Amino acid sequence: MPELVEIEYYRRLAEAALDRQIASVAAPDEWFLKWGLTEAAVRDALEGRRFERARRIGKLLLLDISDGGVLGLRFGMAGRLLVDGRAGVDHLQYASSRWEPAWDRFTVRFDDGGDLRVNDARRLGGVELDPDEARLGFDAATITPAQLRAALAHSTAPLKARLMDQRRVAGLGNLITDEVLWRAGLDPTRPAGSLTPSEVSRLLRHLRTTIAELTERGGSHLGRLQVARVPGCRCPKDGAPLLRRTIGGRTAYSCPAHQH
DNA sequence: ATTGTGGCCTGCCCGC
DNA sequence: TGCGGGCAGGCCACAA
């Protein structure tokens, strides 16, 4: 699914859509427009204007509009971004490998004939205008030691749930979180506030290297734990049978032998 | 305030 | 061969 690694690819792709005059907007799926946004309103905000900047906070892609306003794009777990027919990533875990024009939920056409499209089979993504950026925590790719410490401190929530809470740390989804905790040797059920300073440092170190490595390899599904993220599999590190539990409402894989 | 749960969405895969 | 149930997880609404 798209986590911050994929959204960062989408952001880079979206730079190809900057400084091009917007001719028209198609939002055929009302469900896909969030917070009461209407097709008329999003047309009014975009048509005749241009995107000036492509930003990303966590899994939220932000396109700054000339003359003010911000378009926010979310991709759920199966959403793809296409610019001029080119895709930002070529593989999405848990998403269909097919591509259907009917899954185009939102299209921005430029007056040069190209377009920017969100294609989402499952409709778990969405479009919003002027999203509340303050709802999101610090981006996981650039979070500082003090910020991570503060995000975890005094919390009794399971470590994994806290890391996936987008208001605390933005950008981490199920796969990357499992991978990072597996690498850092931390049990996902540990109360978030129970980590020692050295454990927080270790977590941050693995957070950074994992995000960098997965970005370089091209997807959040390319971690070393990922191949073993199936029932009955063993830890690639030490061969112990992996635990499969539900933590924070999500399927969590972890190794009982080396994650504490 | 914080934490946990349920439901939404729909394609896909497995077993019958 | 077709069909139905379960599963995937990001995000929101809601409950305790």
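Each chain gets a letter, A, B and so on, in the order the sequences are listed, and its residues count up from 1. These figures come from a predicted structure and were not determined experimentally.
In this model, the phosphate group of C:dG9 is not approached by any side-chain N or O of A:K59 to a distance below 4.0 Å at OP1 or OP2. Between A:R229 and C:dG9 there is a side-chain N or O to OP1 or OP2 distance below 4.0 Å. The phosphate of B:dC8 (OP1 or OP2) has no side-chain N or O of A:W31 nearer than 4.0 angstrom. Residue A:T156 has no polar side-chain atom (N or O) positioned under 4.0 Å from OP1 or OP2 of B:dT2. Taking 4.0 angstrom as the limit, A:T251 places a side-chain polar atom (N or O) nearer than this to OP1 or OP2 of C:dA8. For A:R244 and C:dA8, the shortest distance from a side-chain N or O to OP1 or OP2 is below 4.0 Å. Between A:R168 and B:dT2, a side-chain N or O to OP1/OP2 separation shorter than 4.0 Å is present.
Within the model, atoms CG of A:L13 and CD of A:E15 stand 9.5 Å from one another, a figure rounded to the nearest 0.5 Å.
A side-chain donor-acceptor contact under 3.5 Å links A:H258 and A:D238. A side-chain N or O of A:S220 and one of A:E6 form a donor-acceptor pair less than 3.5 Å apart. Checked by atom type, the side-chain pair A:E213/A:T210 shows no donor-acceptor distance below 3.5 Å. For the residue pair A:Y253/A:R229, the side-chain donor-acceptor check at 3.5 Å is not satisfied.
Remark: of the listed residues A:R244, A:R245, A:K160, A:R245 is the sole one forming a side-chain hydrogen bond (donor to acceptor under 3.5 Å, both in side chains) with A:S254.
The nearest whole Å value for the distance from the CZ atom in A:F32 to the P atom in B:dC9 is 14 Å. Going from atom CG of A:D165 over to atom C1' of B:dA1 covers 12 Å, rounded to whole Å. Atom CG of A:L175 and atom C1' of C:dG10 are 12 Å apart (whole Å). Residue A:M164 contributes atom CE, which lies 13 Å from atom C1' of C:dA8 at whole-angstrom precision. Atoms CZ (A:F75) and C1' (C:dG9) sit 16 Å apart, rounded to a whole Å. Straight-line distance from the CG atom of A:L163 to the P atom of C:dG10: 13 Å, rounded to whole Å. One interatomic measurement links the two molecules: CD of A:E3 to P of C:dA8, which rounds to 15 Å at whole-angstrom precision. Rounded to an integer number of Å, the gap from CE of A:M77 to P of C:dC11 is 11 Å.
Out of B:dG4, C:dC11, B:dT10, the shortest distance to the side chain of A:R122 is found at B:dT10. Taking the side chain of A:A157 as heavy atoms from C-beta on, and the options B:dG11, C:dG9, B:dG4, the nearest nucleotide is B:dG4. In the set C:dA13, B:dC8, B:dG11, the nucleotide with an atom closest to the side chain of A:L124 is B:dC8. Distance from the side chain of A:R123 is smallest to B:dC9 among B:dG11, B:dC9, B:dT3.
Listed for the A:R74 side chain is no donor-acceptor partner under 3.5 Å among the backbone atoms of A:E128.
Across the interface with DNA chain B, nearest-nucleotide mapping of A:R250 and A:S155 shows A:S155 to be the residue nearer the 5′ end.
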Between A:R56 and A:D139, is a salt bridge (Lys or Arg N to Asp or Glu O under 4.0 Å) present by the stated rule, with each step listed?
CA-CA 9 Å; A:R56 179 188 64 77; A:D139 189 84; 2.7 Å; yes
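Applying a 4.0 Å cut-off to non-hydrogen atoms, none of the residues of residues 132-154 of chain A approaches DNA chain B.
For C:dG10, its base never sits under 3.5 Å from the side chain of A:R74 at any donor and acceptor pair.
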